[in-house]
Amino acid sequence: MKLAFIGAIAAVLMAPAVFAGETLDRVDSTKVLKVATNAGWPPQSYLDDSNQLVGFDIDVANEIAKRMGVTAEFDTPEWNVMTGGRWSGRWDLAVGSITPTKPRSEVLDFAGIYYYTPYVFAVNADSKVTDPKELNGKKIGVETGTTSEEYINRRLVIDAPGVAPVEYWLEPGEIKTYADSMLPFDDLRLGDGVRVDAVIAGEQTVLNAIKNGYPIKIVPGGYAFREPLTIVADKGDADWTAKVGETIAAMKADGTLGQLTTKWYGKDYSN
């Protein structure tokens with residue numbers, strides 16, 4: 001009798017861990033995954049002609065929800081609010097192509113890297129610039145509150161294992177900041193040096209702008225830096241973060257993330 005009881009206890013202790021975090025309990029009970037994302041960042045996430053949120057990040061969030069047996073509901077807060085933590089239960093996840101940086105690690109938990117973005121230098125199609133070094137002393141545009149701004153101000157520290165330190169060499173003459181990811185390109189398209197000489201942005205965003213008719217081009221000669229992007233949760237629920245991390249790892253292992261990056265960006269950025 002005692003041996004049988006001890007054996008039963010041992011079986012329980014050896015069983016796989018069951019995630020019982022507060023966030024997972026809430027998601028399981030409501031059958032809703034509340035996701036914070038962006039509304040104006042094509043092709044990551046944006047409103048289509050039918051005013052519906054679409055894009056790579058939307059597909060990723062919907063796939064996570066599907067694998068958890070729930071439905072994703074989206075909200076589009078300001079970027080600094082989404083990445084500032086202390087959500088008080090407003091969202092369960094943020095799927096917004098967020099870089100894992102040291103400051104963000106203090107207020108957010110990084111559930112897992114789901115793809116990478118090489119950052120490039122974009123110039124007007126009429127620009128004579130053929131090497132990134134020629135941008136020294138030039139007027140550079142970046143979206144505020146992003147890694148582009150952190151990079152141009154030499155304070156970007158990526159908090160992810162296996163990622164090489166960022167190298168700084170660019171000395172801009174002037175930095176212009178914009179509140180939206182596409183606004184720098186709206187200035188760049190006006191002409192070479194009219195309002196800005198170059199823009200630093202993710203390769204995927206630049207290629208999408210070119211696809212949509214913007215008269216711009218990527219400066220050859222290499223990336224500014226290569227950034228890992230992570231899905232984040234509010235700090236403090238380790239079980240939930242681990243559960244999301246397992247889901248991301250499974251999506252990477254079975255090729256789903258590779259397929260989704262190829263669908264939206266034309267090539268596999270998942271590794």
Answer whether the closest heavy-atom distance between the side chains of [X] and [Y] falls below 4.5 Å.
X    : Y    : answer
L170 : I152 : yes
L53  : Y46  : no
L229 : Y269 : no
I64  : M251 : yes
L188 : Y214 : no
R104 : V232 : no
V27  : W240 : yes
D75  : K34  : no

Expected output: side-chain [X] to main-chain [Y] donor-acceptor under 3.5 Å:
X    : Y    : result
N212 : N208 : yes
N62  : D59  : no
D192 : N124 : no
D268 : T261 : no
T99  : T101 : no

Minimum-distance pair of heavy atoms, taken over all atoms of [X] and [Y]:
X    : Y    : result
K217 : S127 : NZ-O, 3.0 Å
T37  : V95  : OG1-O, 2.8 Å
W91  : M82  : CZ3-CA, 4.5 Å
K252 : I113 : NZ-O, 3.2 Å
V35  : A61  : CG1-CB, 4.0 Å
P228 : V163 : CG-CG2, 3.9 Å

Can you tell me how far [atom2] of [Y] sits from [atom1] of [X], rounded to the nearest 0.5 angstrom?
X    : Y    : atom1 : atom2 : value
Y223 : E167 : OH    : CD    : 15.5 Å
K235 : L108 : NZ    : CG    : 7.5 Å
T146 : I98  : OG1   : CD1   : 12.5 Å
I58  : E63  : CD1   : CD    : 14.0 Å
N38  : L47  : CG    : CG    : 11.0 Å
T71  : K66  : OG1   : NZ    : 12.0 Å

Given T205 and Q44, is the side chain to side chain contact (heavy atoms under 4.5 Å, CB included) satisfied, shown in steps? CA-CA 8 Å; T205 303; Q44 285 86 340; 3.5 Å; yes
Is there a donor-acceptor contact under 3.5 Å linking the side chains of E149 and T177?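 Result is no, nothing qualifies.
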Under 3.5 Å side-chain donor-acceptor pair for T147 and E227: yes
Check the pair V70 / M68 against side chain to side chain contact (heavy atoms under 4.5 Å, CB included), numbers first and verdict last. CA-CA 6 Å; V70 300; M68 291 185 176; 4.1 Å; yes
Could you walk me through whether R226 and E203 satisfy the salt bridge (Lys or Arg N to Asp or Glu O under 4.0 Å) test, starting with their C-alpha distance in whole Å, then the side-chain angles of each, then the deciding distance to 0.1 Å, before giving a yes or no? CA-CA 10 Å; R226 185 171 180 266; E203 182 179 59; over 6 Å; no
Check each of W41, W264, Y114, Y115 against D57 using the side-chain hydrogen bond (donor to acceptor under 3.5 Å, both in side chains) test, and report the only one that passes.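 Single pass found, and it is Y114.
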Applying the side-chain hydrogen bond (donor to acceptor under 3.5 Å, both in side chains) criterion to T23, which one of D237, T241, D234 satisfies it?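 Passing option: D237.
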Can you tell me if [atom1] on [X] sees more than 12 non-hydrogen neighbours from other groups inside 6.0 Å?
X    : atom1 : value
R195 : CZ    : no
R86  : CZ    : no
E174 : CD    : yes

Same cluster for [X] and [Y] if Ile/Leu/Val/Met/Phe/Trp/Tyr side chains link at under 4.5 Å?
X    : Y    : answer
I158 : V120 : no
Y116 : I248 : no
V166 : I140 : yes
F110 : I231 : no
F225 : I175 : yes

Test ring pair (Phe, Tyr, Trp, His ring centres under 6.0 Å) on Y119 and Y151; report intermediate values, then the result. CA-CA 10 Å; Y119 270 66; Y151 170 80; 8.2 Å; no
Could you walk me through whether D254 and R67 pass salt bridge (Lys or Arg N to Asp or Glu O under 4.0 Å), step by step? CA-CA 13 Å; D254 67 18; R67 293 184 184 220; 2.8 Å; yes
Check: Y178 ring centroid to W79 ring centroid under 6.0 Å: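 No - the distance between ring centres of Y178 and W79 does not fall below the 6.0 Å cut-off.
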May I ask you to check whether F56 and Y265 place their ring centres under 6.0 Å from each other? yes
Does the side chain to side chain contact (heavy atoms under 4.5 Å, CB included) test come out yes or no for L190 and V196, once each step is laid out? CA-CA 9 Å; L190 296 177; V196 68; over 6 Å; no
